[in-house]
Colleague: 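Can you keep this structure in mind? I'll have questions shortly.
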2 protein chains.
Amino acid sequence: MKEIETFLEDKKVRPTAMRVLIYKYMAEKEIAVALADIENAFTKADRTTLYRTLKTFEKNGIVHQIDDGTGITKYALCDKGCNCEIEQDLHLHFHCLNCNETVCLTKHKIPHINLPEGYLAEDVNLVVKGICEKCSGQ
Amino acid sequence: MKEIETFLEDKKVRPTAMRVLIYKYMAEKEIAVALADIENAFTKADRTTLYRTLKTFEKNGIVHQIDDGTGITKYALCDKGCNCEIEQDLHLHFHCLNCNETVCLTKHKIPHINLPEGYLAEDVNLVVKGICEKCSGQ
DNA sequence: CCAATAAATGCACTTCCATTGCACTTTTTA
DNA sequence: TAAAAAGTGCAATGGAAGTGCATTTATTGG
Ligand SMILES: [Mn+2]
Ligand SMILES: [Mn+2]
Ligand SMILES: [Zn+2]
Ligand SMILES: [Zn+2]
């Protein structure tokens, strides 16, 4: 709890009660979360506050946004070494078609993609869809 | 014109006037199109008709849907050999951050992605964002 | 400690795009 | 040519992201 506060302060984010709780919530989850998930977890708080908390976290490199193709924006905590405020995140994401959960595979970096002459890559989004290890029966 | 009709018939799609025109429109474009693009090109037709035409084309393997991360669904004609009705499309897509256009790079197949134990891949979406060859000054 | 200021939160509203229900029209079939 | 099927048009819905503004809470300087 206290560590979360100092962590947020390190990231130049004022550790309000709500922010600490949201951070804690995301840290305890191993999967990416949608705004609606947080909404359901904190029904007393307003959606706007939760939304802006995520945006603040994102701007300050605490979480990164994930577009897993479901049309619902997900967020996940950044790793220690992750500096996606500066450059893009290079790991791939997995979306399970069975349990509908999305996870960061931070160990799995996106391979270098060859492009035709004249094309300049600035960002890459790689999402694999299928069955996760929980759903495949390990 | 006549070829388009027989092509659509081969794909089990009745070649109505609207469908032939939309197919022609997409064939002349080298880039992926959004519903709004078609809407602007055919102002006399209703959006629903255009929408359902795309869905019919998609269901019958004439076009494939592209999620380029802009939040706007794009569509592009399938290649001859493409059988994305059966299995997923394996090529990558490029979205230009300057001109906002999205293209299929059908020659560039998505590399095999290694996954942790227990994960089963069924589909892969790979989108590279950056500057296209037109915008990079060749 | 108090007043002034800044930051955070809550509520209502808007926008954007995808999608659907239903009536009407056109085409196909028998 | 009548019945059935397919296609089309209009209107409405729904989900999710985003914003303006008032209110509350925290911070700061005297
Ligand atoms: Mn991630
Ligand atoms: Mn494509
Ligand atoms: Zn799963
Ligand atoms: Zn471009």
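Side-chain atoms are counted along with the backbone in the values below, which use heavy atoms only and exclude waters and symmetry mates. Each chain gets a letter, A, B and so on, in the order its sequence line appears, and its residues count up from 1.
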Colleague: Whole angstrom is fine here: how far is it from CZ in B:F57 over to C1' in D:dG7?
Modeller: 13 Å
Colleague: Just how far, in rounded Å, is P of C:dC17 from CG of B:D67?
Modeller: 14 Å
Colleague: On the side chain of A:T48, is there an atom forming a donor-acceptor pair with the base of C:dC11 - under 3.5 Å, no angle test?
Modeller: yes
Colleague: Send over the distance from B:L50 CG to D:dC10 C1', rounded to a whole Å.
Modeller: 14 Å
Colleague: Knowing that exactly one of B:H91, B:K74, B:E58 qualifies, which makes a side-chain hydrogen bond (donor to acceptor under 3.5 Å, both in side chains) with B:H64?
Modeller: B:H91
Colleague: Using a distance-only criterion (donor-acceptor N/O pair, under 3.5 Å, no hydrogens), is the base of D:dG15 paired with the side chain of A:R47?
Modeller: no
Colleague: CD1 of A:I72 versus P of D:dG14: gap in Å, rounded?
Modeller: 17 Å
Colleague: Quick one: which of D:dG9, D:dG18, D:dT8 gets closest to the side chain of B:A45?
Modeller: D:dG9
Colleague: What is the distance, rounded to the nearest whole Å, between atom CD1 of A:I38 and atom C1' of D:dA17?
Modeller: 14 Å
Colleague: In whole angstroms, how far is the P atom of C:dT27 from the CD atom of B:E9?
Modeller: 14 Å
Colleague: For a 4.5 angstrom cut-off between non-hydrogen side-chain atoms, does A:V128 reach A:H108?
Modeller: no
Colleague: For B:T73 and A:D46, take the nucleotide of DNA chain C holding the closest heavy atom to each; which residue's nucleotide lies nearer the 5' end?
Modeller: A:D46
Colleague: Determine: side-chain N/O of B:Y51 to OP1/OP2 of C:dT19, distance under 4.0 Å, yes or no.
Modeller: yes
Colleague: Between A:T16 and C:dT9, is there a contact of a side-chain N or O with OP1 or OP2 at under 4.0 Å?
Modeller: yes
Colleague: State whether a side-chain donor-acceptor pair under 3.5 Å links A:H95 with A:T102.
Modeller: yes
Colleague: Calculate the interatomic distance between A:K74 atom NZ and D:dG15 atom P; express it in whole Å.
Modeller: 16 Å
Colleague: Could you tell me how the ring of A:F7 sits relative to the ring of A:Y23: parallel (under 30°), tilted (30 to 60°) or perpendicular (over 60°)?
Modeller: tilted
Colleague: As a test of reading the structure: which of C:dA8, D:dT8, D:dG18 is closest to the side chain of B:T49, going by heavy atoms?
Modeller: D:dT8
Colleague: Taking only side-chain nitrogens and oxygens of A:K55, does any of them come within less than 4.0 Å of OP1 or OP2 of D:dA17?
Modeller: no
Colleague: For DNA chain D, whose closest nucleotide is more 5', that of A:Y75 or that of B:K44?
Modeller: B:K44
Colleague: Expressed as a whole number of angstroms, how long is the span from A:K12:NZ to D:dT27:P?
Modeller: 16 Å
Colleague: So what does B:R14 hit on the nucleic acid, given a heavy-atom distance under 4.0 Å: a base, only sugar-phosphate, or nothing?
Modeller: sugar-phosphate
Colleague: What's B:R52 touching, base or sugar-phosphate or nothing? Going by heavy atoms closer than 4.0 Å.
Modeller: base
Colleague: Any salt bridge linking A:E101 with A:K134? Criterion: basic side-chain nitrogen under 4.0 Å from a carboxylate oxygen.
Modeller: yes
